[in-house]
Amino acid sequence: MGTLLVRGGRVIDPSQAIDRIDDLLVRDGVVAAIGRAAGPTDESLDATGMIVAPGLVDMHVHLREPGREEDETIETGTRAALAGGFTSVACIPNTEPPIDTQAAVGFIHQKAARADTCNVFVVGCVSRDRAGKELADIGGLFEAGAVAFSDDGAPVYDAELMRRALEYCRMFDVPILAHEEVLELTRGGVMHEGLVSLALGLGGMPAAAEEIMIGRDIALAACTGGRLHVMHVSTAGGVAQVREAKARGIRVTAEACPHHFTLTDEALRGFDANCKMSPPLRTAADVEAIIAGLADGTIDCIATDHAPHAREKKMLELDRAPFGILGLETAIGLAVTQLVAPGRIDWLRLIDAMSTAPARILGVPRGTLRPGAVADITIIDPDATWEVDVAAFRSKSVNSPFHGWTLRGRAAATIVAGRVKFRR
Amino acid sequence: MPLASPATSVAPPAWGHRHLLDLERLSATEIGLLLDTAGRLKEATDGCRTKLSVLAGRTVVNLFFENSTRTRTSFALAARRLGADVVDFSASASSLAKGESFIDTARNLEAMGIDAVVVRHATPGTPHLLARHLDVGVINAGDGPHEHPTQGLLDIFSIRERRGSLAGCTVGLVGDIAHSRTARSNIHGLLKLGARVILCGPPTLVSPWWRELGAEVSHDLDAIIPRCDVLNLLRIQFERQNTRPFPSVREYAALYAMTGERMRRARPELLILAPGPINRGVEMTADVADCPQSVILDQVTNGLAVRMGVLWLLCGHRAGAEPSAGAPAREGEAG
């Protein structure tokens, strides 16, 4: 494969606490060195004024294949990932059929290899057929390459099953990724329950629905010693619970989505189904708590919950339109605009939250630029100012409320195992 | 303006909106104009009994995705009183099941050359969604528990007709505030016009958050009765509730039904309103429904007046000699 030199960028690697202007040398798909390179290279990339980071990892992506190829495929979803600066995604198994067999894991790997885009790590189901009744073949799925387990889309409702899953997964040291929701409290809900839902007459999903389930799962993680990862934390109460659990030494990690640190329930005033997602957009106080949680490390990482839905599905009445929002192609822009530009977190923390931390949670050998590591690299133009245009998305769907927004920061190039897979 | 002659084709007052989607986003002046226009038309039609021809040649479609008898009839009659043609379109759940989305349904109607769509739907925001996709005027005839602007207007019209002004008037809305579109349109309209609004019902149906929007919240009907100039008794919307918000109808009625006994503690000039249909024995007893203070039947007549006013304001300008004010703002785009 030869050598690739990324010249003169600001190299940020949280795994080594590096943040300095330097060159990065890649040899045969592997990081060779950070530092001035002597001698000629086969290929070279000028990264002056850019940020050179370990490849970004999105640990919460719905690629929809198999079963809902009208919304997204593994190929279109991973192309969207590359354009968004992600070199790795973890795909959530709420497909049709769900990913609960070794054959299904093999199918994803095969499709991803054929797409030849970014890395696709597979999340397996917690329960067989995602039915919430009995454990899926977790050992077999792990052997086939599953890196974590989740019934996302829905919570693992049976507390005993959740307990067993946390216990059982200890022997593989893999996390359970938990969608936290008490369904009785969100029945008929389309948005956060509060002043806005009251005024609009729309069914509400109270913060308590999330907080109660986070509380239950933290208690189960404490009693089993299993690894709990709280997906898409959206409430201030949820952030506080995770913070307190970490202080007690419980093995819990958490993620937050860009839309949850950007928008509030006020966005629903236009009745736009693109603002309908689960968990829903909350209040300004919740947004503030999530940003504080990201800043102090309570929330380990940023994950997009990229949830494509074909245009016609979102053109329905609000209660018939499905939950979900695109995430991959706006993640960097929203994170830089909402978090870094206002000085809420620094670049080192952002790269940690979008690369090093999710790789660590998933236990995948990514998120680092150490010599010898796979050369997954994201080059970010931190000052690019650009307008979001859903028509230009690589994703097959367009369900983003950010169309027309002006954002700061976007991927300039995405390098997977030493090969430049995307360049703007 | 010489409206009295049925043959006149005078233009309505200028109205800056293409649609009527809710009262929340209208100003007090705009609501006042709607009410005044309704008053003029009521007068010009001899109390909503005779016909005008100001909307001759226009077509209004009643697009109802939810059952309704009164509102649909009222809109149809109002349109005909102004000379417009009316098409009734019932979109049952089964026609949706055939796979056509309601937007496609509405676009089909639009392609037939209509002037306004009156839409009722069980989901909040559906008229707003239609307004974004259609070029004709959209009138919200009730979108789930969100708003029912013409109902709010006719309630306010009825109060104003009796009392002259809303300023300083205390209006109690009693019952199922949580699921009531009538409540929301009343709250916004009344507050904008300077009335005091008291919301009364059990905490499961009356959220304390309403206080942040400027309404007073009470759970004690007996305590508020002596303070009220108007009581608007809202129907319990059993069909919209996941779990019943009170233990039994009997207990609800004991706490919140308006009875002859409670009437005795009210101001003598108290007005009783109810948007209907009423559950006699739940929201009020029969003697209250039929008492002299009840303006329930006035409301029905005034519903025609208000709907004539709305239709005229929205469609009256669409004649060939349109004022060159340019296209009205597409308020559906907001947000």
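Within every chain, numbering begins at 1; the chains are lettered A, B, ... in the order of the sequence lines, protein sequences first and strands thereafter.
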State whether the number of non-hydrogen atoms from other residues, nucleotides or ligands found under 6.0 Å of [X] atom [atom1] is greater than 12.
X: B:Asp220; atom1: CG; answer: yes
X: B:Arg72; atom1: CZ; answer: yes
X: B:Arg244; atom1: CZ; answer: yes

Given the options [options], which has more heavy-atom pairs under 4.5 Å with chain B than any of the others?
options: A:Arg187, A:Glu312, A:Glu266; result: A:Arg187
options: A:Leu198, A:Leu202, A:Leu268; result: A:Leu198
options: A:Gly188, A:Gly203, A:Gly194, A:Ala273; result: A:Gly194

Considering all heavy atoms of both residues, which atom of [X] and which atom of [Y] are nearest to each other, and what is their separation?
X: A:Gly201; Y: B:Pro124; answer: O-CG, 3.2 Å
X: B:Thr123; Y: A:Asp319; answer: OG1-OD1, 2.8 Å
X: A:Leu200; Y: B:His146; answer: O-CB, 3.1 Å

Determine, stepwise, if the pair A:Phe271 / B:Leu129 fulfils side chain to side chain contact (heavy atoms under 4.5 Å, CB included). CA-CA 7 Å; A:Phe271 297 100; B:Leu129 186 56; over 6 Å; no
Heavy-atom pairs under 4.5 Å with chain A, option from B:His179, B:Arg184, B:Arg181 with the top count: B:Arg184
Heavy-atom cut-off 4.5 Å, strictly under: side chain, backbone, both or neither for B:Thr243 against chain A? side chain
Contacting moiety of B:Glu147, where chain A heavy atoms sit under 4.5 Å: neither
Could you measure the distance from the CD atom of A:Glu317 to the CG atom of B:Leu130? Nearest 0.5 Å is fine. 8.5 Å
